[in-house]
Amino acid sequence: TIGPVSSWNLIDWFGQPQLSYYSTKRADEPVHVMARMPFRSWGPGDTFRASVMTLSDRTFTDSARITARLLDRQMKPMVVKHWKVKVEGGQKSVPAGSNELAWAIPSDTPDSYFFLELTLTGRSGKCLSRQVYWQRALRALADPEARRKWQAGPVPEHVCTNGP
């Protein structure tokens, strides 16, 4: 018998790429920009933090630039930061200076999403890698004690009733 296979999730019956095809393609790119964040849900009054870096399977070293943009629900930039980075073959590269992006979430923020967009461009200006992460701001995490409990370890995810 033939059962479901993962290729059906990548390319449909007519040979058209599906969304998962593009995600897989990006995950296999030779140079990759990424962020490490401790959480995906944040509370009003909290500080969003992300560490930004690149990974490279290339065998040569090249100079590049990372642009990090924190966007609100209307996709308007709230924070924009740029770093120069030396992308070295076969290793993780951290931008020169601080590689952390931080944003103090206003205490009056309603339940909503915000987005972190990272773009890595080469010397020629060509996009080498791009990643987008979606984050949530939850009123339920506005209380510092509730936030500490949430951030201390695995807890049930809050149900989201209004998406972007």
Side-chain angles (χ1 to χ4, degrees), residues 9-10 17-56 63-87 91-123 125-164:
N9 295 327
L10 300 174
Q18 302 298 300
L19 288 176
S20 55
Y21 168 84
Y22 297 103
S23 296
T24 302
K25 184 177 175 181
R26 273 196 310 273
D28 290 337
E29 62 193 1
V31 178
H32 189 74
V33 65
M34 61 183 285
R36 183 174 51 221
M37 295 156 284
F39 316 106
R40 298 283 189 229
S41 296
W42 306 81
D46 201 358
T47 300
F48 166 80
R49 295 184 190 285
S51 296
V52 179
M53 66 198 77
T54 64
L55 300 173
S56 177
S63 297
R65 176 182 167 151
I66 296 173
T67 299
R69 298 188 326 150
L70 211 52
L71 308 165
D72 66 14
R73 282 181 70 161
Q74 287 74 41
M75 305 307 278
K76 293 180 183 162
M78 300 181 295
V79 177
V80 178
K81 193 167 180 180
H82 304 279
W83 296 281
K84 289 183 180 180
V85 65
K86 192 177 211 181
V87 179
Q91 52 184 287
K92 174 175 78 171
S93 297
V94 175
S98 170
N99 68 324
E100 187 172 282
L101 180 70
W103 173 57
I105 302 169
S107 58
D108 61 348
T109 301
D111 282 355
S112 62
Y113 284 85
F114 60 98
F115 306 89
L116 172 58
E117 175 196 56
L118 301 174
T119 306
L120 178 69
T121 53
R123 272 187 284 186
K126 179 183 175 190
C127 179
L128 302 174
S129 178
R130 181 174 176 267
Q131 295 297 317
V132 178
Y133 301 91
W134 50 94
Q135 307 291 303
R136 293 195 307 172
L138 297 171
R139 295 289 315 154
L141 300 178
D143 174 56
E145 186 55 39
R147 197 164 51 241
R148 268 192 294 279
K149 182 179 176 186
W150 170 266
Q151 294 172 350
V155 294
E157 185 71 24
H158 286 271
V159 175
C160 183
T161 57
N162 55 353

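The structure displayed is predicted, hence computed values, not measured ones.
Between the CD1 atom in Ile105 and the CE atom in Met78 there is a gap of 8.0 Å [rounded to 0.5 Å]. Expressed to the nearest 0.5 Å, how far CG of Leu141 lies from CZ of Arg136 amounts to 8.5 Å. Taking CD of Glu145 as the start and CH2 of Trp150 as the end, the distance is 15.0 Å to the nearest 0.5 Å. Note that CD of Glu29 is 11.5 Å distant from CZ of Arg130, once rounded to the nearest 0.5 Å. The line from CE of Met37 to CG of Leu101 is 10.0 Å long, rounded to the nearest 0.5 Å. Distance check, rounded to the nearest 0.5 Å: CZ of Arg40 to CG of Leu138 gives 14.0 Å.
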Pair Met34-Met53, side-chain contact (heavy atoms from CB on, under 4.5 Å): steps then yes or no: CA-CA 6 Å; Met34 61 183 285; Met53 66 198 77; 3.7 Å; yes
Audit row: Asp46, Gln151, side-chain contact (heavy atoms from CB on, under 4.5 Å) steps and yes/no: CA-CA 11 Å; Asp46 201 358; Gln151 294 172 350; 3.0 Å; yes
Would Thr121 and Thr67 count as a side-chain contact (heavy atoms from CB on, under 4.5 Å) if you check the C-alpha gap in whole Å, the side-chain angles of each, and the deciding distance to 0.1 Å? CA-CA 8 Å; Thr121 53; Thr67 299; 5.5 Å; no
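Nearest heavy atom pair, residue Ala64 against residue Val87, reads CB-CG2, 3.9 Å. Contact record, Ala140 with Asp111: N-OD1, 4.5 Å, taken as the closest heavy-atom pair. The shortest non-hydrogen separation linking Ala142 to Arg147 is O-NH1, 3.3 Å. The two residues Phe115 and Asp72 make their nearest non-hydrogen contact at CD1-O, 3.8 Å. When all heavy atoms of Ala68 and Trp83 are compared, the closest pair comes out as CB-CZ3, 3.7 Å. Residue Tyr21 comes nearest to Leu10 through the heavy atom pair CB-O, 3.3 Å, listed as atom of the first residue, atom of the second, then distance.
No side-chain donor-acceptor contact under 3.5 Å links Lys81 to the backbone of Ala102. In this structure a side-chain-to-backbone donor-acceptor pair under 3.5 Å is missing from Arg139 to Gly43. Although no hydrogens or angles enter the test, the distance criterion places a donor-acceptor pair under 3.5 Å between the side chain of Ser112 and the main chain of Pro110. In this structure, the side chain of Ser129 does not engage the main chain of Leu120 through any donor-acceptor pair within 3.5 Å.
Every residue was checked against the ring pair (Phe, Tyr, Trp, His ring centres under 6.0 Å) condition with Tyr22, not counting sequence neighbours, and none meets it.
Ring geometry for Trp42 against Phe39 counts as perpendicular: the plane angle is over 60°, on a 0 to 90° scale with 30° as the lower cut.
Phe48 places a side-chain heavy atom less than 4.5 Å from the side chain of Leu116.
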